[in-house]
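Following: one structure in structure tokens, then a few remarks.
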Amino acid sequence: MKEPDLDYEIKDQEFSAIGKRGIRRLDGYEKASGCAIYAADIKLPGMLYARILASPHPNARIRSMDTASVEAFSGVRAILRYDDPEIEEKVVPGSYGAPWYVLTGCASWEGEPVGLVVVGESTQICDEALKLAKVEWEIFPHVIDEEDVLKPDAVTLHDKVPNEIFDSSNVNNPYASAFSGVFRIAEGRNIFQKGDVEKGFAEADKVIEFPARRYWHTWAEPELPSALCRWNGGYPELWIKHQHVYEHKQVMSYWFDMPMNKITTHAPYQGAMFGGWNWMNWSTITHYITALLSKRTGRPVKLVFNRRDDFYGGALDCAVHHFKVGAKKDGTITAVSIRSVFANGPKAWEPHMGIGHFLENSCVHNLYKENYAGVVNKGPVTAVRCEQLPNTFCFNMVFSHVAAELGLDPTEVALRNDGYEGKDTAYLAEFKRHYGKPERDSLRECIEAGKKAINWDEKWHLPGTEKLPNGKMHGIGFGWTHEWNSKRGSGSVGLLFEPDGSVSLLAQRSDVGLVAETAYCQIAADELGMRYEDVVLRPHKDTGFALMTPDGSCNLCTNGWVVRRAARKARQELLEFAANGYQEKTLSSPPAFPGYQPEDLDVKNSVIYVKKDPSVQKPVKDVVREVQCVQWWSHPQIFARGWKQAGSWTDPTGKASEQLVDYSKRPHLCRQAHFMEVEVDTETGQIEITKVVNANDVGKAINPEAVEGQQYGGTFMAASRGQTEEVIWDKGTGVMLNGNLLDYKIATILDCGPIEPIIVETALGYGPYGANGIGEDVADLVASLLGPAVFNALGVAVDDFPITPDKILKALGKI
Amino acid sequence: MSTQSKYVCPYCATTFDAFDGLKAHVVDEHGTMPLPRPHGLINLSVNGQRYELQVEPNTTLYNLIHDQMGLTGVKMFCDRGACGSCTVIMDGRPVLSCMTLAIECDGKTIETAEGIAAAKHPLIETYVKHHAMQCGYCTPGFVVTAKALLDKNPDPTEEEIREALSGNLCRCGTYPQHPKAVAEAAKILQGGAADERA
């Protein structure tokens with residue numbers, strides 16, 4: 001099977017939908033009017049509810065459990081115990097396909113779903129019944145602070161309990177808890193090194209050492225998680241809140257040993273999804289549980305989580321870092337060494353976690369990273385918008401400290417160190433020339449646009465030197481990195497001309513609010529020559545076509561290719577039909593443009609015309625119209641399929657090299673620059689973010705309002721990540737103290753000053769039209785930009801996130 | 001042995017031999033229609049439709065509107081009165097339906113996002129136009145809060161809009177688009193044309 005080359009770029013291609021403002025978003029009316037349906041909204045006739053027992057202890061195992069009173073409770077219809085013969089020792093694929101237990105009797109954090117599921121007529125009945133379970137717990141010691149794990153005199157978990165309890169990667173381990181995340185909890189150390197940091201420090205004019213910390217924070221997605229299954233006389237039908245809906249069909253097939261084509265999956269709108277819940281194994285396995293219990297009870301079963309349940313899970317950057325950086329007087333960084341202790345994470349992947357952006361984004365030669373994973377009894381950590389948080393955090397910290405300590409403008413320090421894997425920008429310029437990419441300096445363009453917007457040349461000052469008339473200290477910070485991400489993902493779509501000339505994109509998607517479906521229709525419309533209004537994505541239909549999910553900001557950079565391929569194929573088929581008609585034995589559909597060849601024709605504004613004489617034209621709807629649908633088709637519908645695995649960037653010059661085949665090694669070419677202005681009250685410690693400028697090189701903005709939405713949204717999420725978001729535990733009991741949205745503060749409309757979004761378009765991305773992703777960069781990088789801004793205000797570093805007023809006052813020596 | 005039924009007044013326990021006697025008694029003495037209304041029976045108007053409903057004492061207004069009436073514009077986000085996603089307008093004021101017992105809503109008039117949309121209020125189109133949404137889960141709550149603001153203050157300043165919406169949480173962070181959408185809806189309501197573009 002060989003695909004024709006459909007990935008070519010068209011020089012000076014004209015667009016009527018792509019890149020235009022004012023395109024009406026497909027999901028707009030439904031969402032504004034309250035008609036949009038989410039999995040949490042769905043209630044089926046006769047539906048039962050399910051709840052799981054939450055462990056009251058942070059580290060414990062069930063010795064015995066008496067559930068007689070639970071089963072006898074009025075309104076309870078079924079229970080599922082961890083020692084149920086059907087699931088005991090049963091290992092199934094969880095998120096990422098990792099094998100995992102369905103339900104066990106072990107818990108690694110307070111609140112962990114463990115041991116018992118109750119099905120009843122209401123959630124209240126289930127919760128009341130769960131209280132009646134008589135559980136005898138074997139309780140182990142617990143640790144809450146990741147640094148405590150590494151202290152020589154610490155009471156380590158290993159002293160008290162068998163070593164195997166931590167090895168959750170061993171699925172035969174009787175101590176493994178069922179619901180740990182895909183990033184398995186395990187102790188360990190990883191070292192990454194490049195070059196010679198000691199040599200780099202020796203070359204430096206100044207060596208700087210400093211600590212920084214990011215406390216535990218979480219996703220707090222608005223729609224509460226749920227899993228709903230109706231067992232339809234032998235086969236499951238599922239309503240899924242998840243980024244990877246189609247994968248549920250696959251794992252359900254494996255779990256129940258049944259063909260995928262018997263399983264129905266629905267993907268309603270998703271009440272936001274920032275990774276997080278999506279990567280918890282229980283986001284997948286709960287569907288197995290509801291399917292099993294629906295099968296047993298003969299009624300639909302919906303397993304629901306409450307707000308507190310959804311607080312157990314953190315981001316990958318919950319860590320303590322110790323930095324040592326060498327730099328020359330002009331800001332050239334000669335060496336970076338970082339020793340980090342991550343809470344519960346990430347032993348098993350990316351040893352350069354935290355130093356990755358120096359590799360991908362700078363010419364710094366000498367790098368050293370020492371990562372420890374400290375096992376704490378808080379729950380798993382995972383990508384929460386997103387896995388690059390540790391990288392952007394460390395990158396921001398190093399650049400802000402180097403600039404501040406040397407008294408340099410941080411934008412100049414950035415430009416001086418820009419590059420790729422130790423090579424400078426001359427290498428990147430040569431790469432762009434060689435592969436026919438535009439020869440533009442993305443970082444310089446972003447910095448210049450951002451500096452102008454925030455009036456940097458007038459406002460930037462040395463740290464701690466600008467007192468405002470209102471008595472507060474003025475601070476201004478700058479941070480930068482490369483583009484997101486376009487390196488992974490695959491998708492497929494069907495494109496169908498309906499008998500009235502309208503176009504349906506057929507696919508199952510996962511809408512988390514990125515305006516992605518609208519963008520696909522913009523691409524399809526322009527590539528087909530149809531009006532945008534004539535193209536619609538048929539959302540969340542169980543078609544078998546699965547679009548790339550909103551992951552890693554790879555959504556549009558995958559699906560853009562996919563839709564474009566389908567549209568280009570369908571356009572060709574449309575013109576062939578217009579020129580040649582359709583003949584099959586006795587059936588004949590005459591051509592709409594007799595005497596012309598397909599290449600003589602073109603399509604624009606949903607009208608087919610003769611290129612040499614545009615007055616000869618017919619609307620597409622008249623060309624493809626069927627005499628009478630279904631009962632009497634006059635010709636087969638025009639249909640095309642698109643598929644693509646992202647990362648396989650097509651080299652427009654035909655000079656494809658090994659470097660491009662191994663797409664993980666291709667250099668990032670686009671840059672992002674962010675600026676933040678703050679006022680810090682030195683009496684109260686209060687910080688006010690007075691302005692933020694996001695200058696993002698997105699390569700090509702397919703839907704500019706969608707890009708701006710990500711810039712605004714990422715900044716607001718970052719504002720509260722930087723200032724207020726911290727999940728707090730009681731160290732003595734290991735119990736979470738603020739698992740609700742009253743005590744865990746996310747940003748309101750009043751918590752950030754004006755935001756100025758700037759879209760830079762260099763076409764240097766690896767997506768179609770030179771585009772790249774925007775979904776995660778802002779929320780990642782701006783979250784730690786508060787540190788440089790506060791440093792600039794006070795002349796004292798307060799890199800202890802979230803930066804709360806008490807930490808400001810402590811740094812100033814006032815408390 | 002024959003038995004004689006007695007009819008007992010539920011208010012004062014006076015007994016009567018005939019039902020008509022009891023009926024006359026409760027009207028004359030207790031000023032109510034023949035018999036007291038069953039506990040939990042409420043009358044309310046939702047989006048212009050009148051309802052007479054029997055509700056449980058622990059049923060919240062959110063449960064009633066979302067689960068029983070099927071109006072999905074009220075959303076459960078924070079679960080405890082912290083986010084504004086379940087906001088409805090009750091007798092002109094925005095209230096949190098998750099924190100309001102349905103049994104307390106007898107005689108009330110309620111508007112939800114669905115009613116606001118059905119009445120073709122310009123907020124719906126300005127919210128679409130200005131992309132004042134991402135995942136959309138909290139959006140109806142914002143629309144309802146904004147409608148309540150415009151009902152009371154037809155020409156709010158940006159500061160007043162921000163203040164009015166400060167009780168609504170949006171995790172996607174769409175906040176900067178809301179004042180634009182609300183201000184344009186206010187302008188349309190005052191007879192002005194929609195802005196050319198977002």
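Counting heavy atoms from C-beta on, the side chains of B:Q177 and A:E705 never come closer than 4.5 Å. For the pair A:N703/B:H131, a side-chain contact is recorded, criterion being any heavy-atom separation below 4.5 Å from C-beta on. For the pair B:C83 and A:P222, the minimum side-chain heavy-atom distance is 4.5 Å or more.
Under the side chain to side chain contact (heavy atoms under 4.5 Å, CB included) criterion, A:E688 pairs with A:K472, A:E679, A:T690, sequence neighbours left out.
Salt bridge present: B:E125 and A:R24 bring a charged side-chain N and a carboxylate O closer than 4.0 Å.
Contact of A:V512 with chain B is made through the backbone alone, with heavy-atom distances under 4.5 Å. Contacts of B:C78 with chain A are made by both backbone and side-chain atoms, with heavy-atom separations under 4.5 Å. When heavy atoms are compared at a cutoff of 4.5 Å, B:D67 approaches chain A by way of both its backbone and its side chain.
Of all residues spanning residues 69-76 of chain B, those with a heavy atom less than 4.5 Å away from chain A's heavy atoms are B:T72, B:G73, B:K75, B:M76, arranged by number. At a heavy-atom separation below 4.5 angstrom, chain A is approached by no residue within residues 84-91 of chain B. Listed in order of number, the residues of residues 145-164 of chain B that approach chain A to under 4.5 Å between heavy atoms are B:R162, B:E163.
For the side-chain contact (heavy atoms from CB on, under 4.5 Å) with B:Y175, the lone residue among A:T715, A:I749, A:D751 that qualifies is A:I749.
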